[in-house]
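First the structure, in the form of structure tokens, and then the observations on it.
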Amino acid sequence: MALQSLDIWRRSATTTPSPQQREPIEVAKLIDVTKCIGCKACQSACQEWNDVREEIGVNVGTYQNPHDLTANSWTLMRFAEIEENGNLEWLIRKDGCMHCADPGCLKACPSPGAIIQYKNGIVDFAEENCIGCGYCIKGCPFNIPRLSEKDNKVYKCTLCSDRVSVGLEPACIKACPTQALVFGSKDDMKDHAAERIAELKERGFENAGLYDPQGVGGTHVMYVLHHADKPELYNGLAKDPQINPMVSIWKGITKPLALMAMAGAILGGFFHYIGIGPNEVEEDEEEEKA
Amino acid sequence: MTNTWMDIKNANVILVMGGNAAEAHPVGFKWVVEAKAHNKAKLIVVDPRFTRTASVADYYAPIRSGTDIAFLNGVIRYILEKGQVQHEYVKAYTNASFIVREDFKFEDGLFSGYNEKEHKYDKTSWAYELDDKGMAKVDETLQNPRCVINLLKHHVERYTPEMVSSITGTPQKQFLEICEMLAATSAPDRTLTSLYALGWTQHSIGAQNIRALAMLQLLLGNIGMPGGGVNALRGHSNIQGLSDLGLMSDLLPGYMTMPKDEDLDRATYLDKRTPKLLRPGQMNYFANYPKFFVSLMKAWYGPAATKDNDFAYDWMPKLDKVYDGLRVFDLMHEGKINGYFCQGFNPLASFPNKNKLSESLSKLKYLVVMDPLATETSEFWKNHGESNDVDASKIQTEVFRLPTTLFAEEEGSLVNSSRWLQWHWKGADAPGECRTDVAIMSDLFLKLREMYKKEGGAFPDPILNLHWPYHDAEEATPEELAKEYNGKALADIMDPNDKTKVLIKAGQQLSSFAQLADDGTTSCGTWIFCGSWTEAGNQMARRDTADPSGLGIAPNWAWAWPANRRILYNRASCDPSGKPWDAKRKLIGWDGTKWGGYDVPDFKADIPPGDAMNPFIMTNEGVGRLFALDKMAEGPFPEHYEPFENPLGTNPLHPKVVSNPAARVFDKDREHFGTNAEFPYVGTTYRLTEHFHFWTKHSKINASLQPEQFVEVGEALAQEKGIANGDRVIVRSKRGYIKAVAVVTKRIKALDVAGKRVHQIGVPIHWGFTGAARQGFLANTLTPFVGDANTQTPEFKSFLVNIEKDTDGKVPAVPEATASATMKTADAGDVDLGRRGWLFGRKRKEEV
Ligand code: SF4
């Protein structure tokens, strides 16, 4: 089937029309938080398949390691201890790129072809085109992309586009022992989620539901949550994520700029200017961690 | 497991107590998730901590570590009082109606026959009343006050919900809610499964924890049922195979036992181990013990084992006492052991009281470590800073490290928790000079044999006569060994139904242990593995997932011992008339002439329903034992005894007998037990998903997922002690201290125990001083040198500690060797070169 098509739908800062001949199916990863045991098999499979290695970090008082996403850790199990109505819950959420239908990163990216959205819904970074400006980080409503200190390029989950393109499921899906992670067409995933939600409701989770936020046009990574009314319980999952309005303004500038077709010097200067932004973000984050 | 991993999906209620399946068995845990998703199963977790398993449970209750028997006896009391037992099952399939001897007693914490000096019981009174034919007396009306069921009722009478709550710290309301959920599985069409692991075994009363659950399951009618059973989740790949092959000092393959000093000849030995029938018409399968034993001797000694030499019985070692790991290290500590071979084992980290272990190893003349990894044990002599602060110049032990292959670098079978023997194939060649364990042991044997041949010796026969029929004497192949375990005919075996027909020709592989003989005409290395490699080939290599029953049986996937049977005691899944208790769980049935079905019947195939023969064919009375007779060290019924280090200093049930009266404590170790005055908190050790024991800290990916040692501290205790989340702390016991980061958590709550507030501290085990993760302290620095009275499994789950903030603690380093030298392998991520690059050789003197 056409799950594996990698026809391109959109490229950052590009106006060339996309191919139209094929109509591939939209894919999705469904993360059933209620089945997840936080084993981190997915996290480890991600490092293995993508050939990245996280540094040996430190423990800062949590099971969450590393304690944030990095240019090497594209997915991360986030652990939250919650006490609701006297009931203790240990909510464990697999964090990573949501592969938005309306990707703020892609919209924000000024470098042609550094961010690509495939017709199957996967949002991918082509690092060779990345200029390290970090604007995608600001554009992302989920705070996902991470700038590498090593090569000053941005990395994040690719939804294993390389695997999906040859008909395989992403590495994390393959590794998950409990089938908390499943992968398929977005429609099938929604059906599967509906079954799970019905089961959870039977078990007394009245507010169980699907997380597929419409503020970003829906996502190609969705969650089944026991408390869909309060996504923020899951280590700050955004309740109603929206693309930063700044990105729309930037889009207003980028189009004419792109049409100027690489008036190199000017463009370079501009990129240098906006490059300062994300560096500041990095510093802020460091402070938060400390 | 009595049942299998896949079978968990059939359960209605899943009790995880004495284990943390999601954490330690994440892959098998999929079947729990499956039971919840598609069988509407309820998952109950009872644990000192709110664990990863609890995070997906329907119900969680806290418990004080080491008090599970109080809890379970309380449940038994509850179901007996409410009458919520599977009555028909209990009456027909357990020893409920059996009459116990008049002189059996339980008073003030002790059963009859206690010898205070030796800390041992004379178990004569722990027996049934016998009639003049030597058969056990029963009262099927259950009226006789000496009936097992009535004695049991009386025994658990003290475990009222108030008492249970007071001992365990589990709030009474929660205890009762759990009782209710468990009791509901007494209905014939509902089952409870129990998943436990080291959270039950690693106590001084470990074996009785499991007994208590087994009794509860018998009372609820859940043994032999799909979705039921008592399920031990094994914690190492092939640790099931280890016990199957008898790699304990007092066991032989297939759970036969080693001869003792007083077993002077084979007849005496066999007589003691061949049980006499206790009820008429029962199968008493262990009556075949002599067949298993003689076939074993034929496998070991081949033609040299003959009727005339008592099948080489005299060549067997005879034990004067049990040489379990604790005993061996104690002897070593006393300077009574010169050399130690350590194969696939890291005892410095795995037995209790690291400092004692290190002192013991220092007294050896030589230590040989066969392992794929640079283990802590192999570097016990080397100073690794504070976490291994020894003076190498004072240690004279010569250390030899022999690098071995990993499981993935060799072919063979692994036995999993479900008792499946699964054949696996080599994934990669081993690097460097690694050799298989078999090759190393073969070399050693051949050399020893040569020396005995040349030089003679005190007793060369057992070595000189050992049967060594392998094509390449220097390295038997896995196939050769597997075939030997299975066994073969040494003379033609005739069909028992047609004596003129040859069933199995001499030299052919056997297909069932029913073919074994005690006259030397069969050889078999492990009787329970008989059937795994037949004339039809390697049954362990089968890979057919077809599951015609839909009950997760898949009979043609690999091979399960015994006899490819997937669910033990499965005759008990049908009522006495042969009808399944629950039509939806039909495993086997009677077709008019024989038993058959989806699973291999655990019964004599041609005995019709209604016959006197009962389903528990391995016992000599044919029924499941609510009363354990003389099988346990500390009593036929489980009783709550406090851990040797406990926060109360007493036992609320019987202050004079606080801890297990039959446990073995070496004198010097008693001095190293702490009191609650000095060490007020309960410590407990455990695993994390991110690591496997002390292995995966050598792999960079695992190390990155859990890089640094930590302990878990409840919020209330942290506040009392001024410890903030992420602070560095020191945890001390009477035996030593460790340093770690404090993870302050809501998941460990203070408990109200017998009027006292008790705090528990969690100590994950995975760090040490070698590997790719940050250097840490071996957690067993803290634990007491005492084990279960039956198995000597160390009491790692319950001991006393104190905790303080480590104000000038620093981030520990990543061990140097690995920081600079890692190599990439295809799947294992980056692996410490220390593991694969080491050379044969001695501890280098210049390093000292
Ligand atoms: S592999 Fe599956 S169960 Fe394990 S942490 Fe990832 S999502 Fe959760």
*Part of B:A742 lying under 4.5 Å from any heavy atom of chain A*: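 Contact with chain A is through the backbone of B:A742 alone.
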*Non-hydrogen atoms of chain A under 4.5 Å away: do they reach the side chain of B:T53, the backbone, both or neither?*
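It is neither, since no heavy atom gets under 4.5 Å.
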Using non-hydrogen atoms only, which part of [X] is less than 4.5 Å away from chain B: side chain, backbone, both, or neither?
{"X": "A:E202", "answer": "side chain"}
{"X": "A:I92", "answer": "side chain"}
{"X": "A:S44", "answer": "both"}

Can you tell me if [atom1] on [X] sees more than 12 non-hydrogen neighbours from other groups inside 6.0 Å?
{"X": "B:K173", "atom1": "NZ", "result": "no"}
{"X": "B:K739", "atom1": "NZ", "result": "yes"}
{"X": "A:E206", "atom1": "CD", "result": "no"}
{"X": "B:E180", "atom1": "CD", "result": "no"}
{"X": "B:Q719", "atom1": "CD", "result": "no"}

_Has B:R747 got a side-chain atom pairing as donor or acceptor with A:E81's backbone, closer than 3.5 angstrom?_
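Side chain of B:R747 to backbone of A:E81, a donor-acceptor pair under 3.5 Å: no, none is there.
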*Can you check whether A:G57's main-chain N or O pairs, donor with acceptor, with B:R774's side chain at less than 3.5 Å?*
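Yes; at least one donor-acceptor contact below 3.5 Å.
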*Can you tell if the side chain of A:R203 reaches within under 4.5 Å of the side chain of B:D58, non-hydrogen atoms only?*
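Yes, at least one pair of side-chain atoms sits under 4.5 Å.
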*Compare all side-chain heavy atoms of A:I37 with those of B:F29 and state whether any distance is below 4.5 angstrom.*
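Sidechains of B:F29 and A:I37: in contact.
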Where [X] and [Y] come nearest, the two heavy atoms and their spacing:
{"X": "B:P707", "Y": "A:N65", "answer": "CD-CG, 3.4 Å"}
{"X": "A:C36", "Y": "B:V56", "answer": "O-CG1, 3.4 Å"}
{"X": "B:A703", "Y": "A:I56", "answer": "CB-CD1, 3.5 Å"}
{"X": "A:T178", "Y": "B:P26", "answer": "CG2-O, 4.5 Å"}
{"X": "A:Y63", "Y": "B:E23", "answer": "CE2-OE2, 4.3 Å"}

*Among the options B:A724, B:P812, B:G726, B:G28, pick out the one with the most heavy-atom pairs lying under 4.5 Å from chain A.*
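The candidate making the most pairs under 4.5 Å is B:G726.
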*Most contacts with chain A, counted as non-hydrogen pairs under 4.5 angstrom, among B:T745, B:V32, B:T51, B:V744*: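 Heavy-atom pairs under 4.5 Å are most numerous for B:T745.
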Rounded to the nearest 0.5 Å, how far does [atom2] of [Y] lie from [atom1] of [X]?
{"X": "B:K36", "Y": "A:K35", "atom1": "NZ", "atom2": "NZ", "value": "10.0 Å"}
{"X": "A:R53", "Y": "B:I701", "atom1": "CZ", "atom2": "CD1", "value": "4.0 Å"}
{"X": "B:E715", "Y": "A:E83", "atom1": "CD", "atom2": "CD", "value": "7.0 Å"}
{"X": "A:S73", "Y": "B:L705", "atom1": "OG", "atom2": "CG", "value": "7.5 Å"}
{"X": "A:E199", "Y": "B:H38", "atom1": "CD", "atom2": "NE2", "value": "8.0 Å"}
{"X": "B:R52", "Y": "A:F79", "atom1": "CZ", "atom2": "CZ", "value": "4.5 Å"}

*With B:D727, which residues qualify under salt bridge (Lys or Arg N to Asp or Glu O under 4.0 Å), at least two apart?*
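Checked B:D727 against salt bridge (Lys or Arg N to Asp or Glu O under 4.0 Å); matches are B:K805.
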*Please name the residue in the list A:T62, A:N59, A:V60 that meets the side-chain contact (heavy atoms from CB on, under 4.5 Å) test with B:V743.*
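Looking at A:T62, A:N59, A:V60, the match for B:V743 under the side-chain contact (heavy atoms from CB on, under 4.5 Å) is A:N59.
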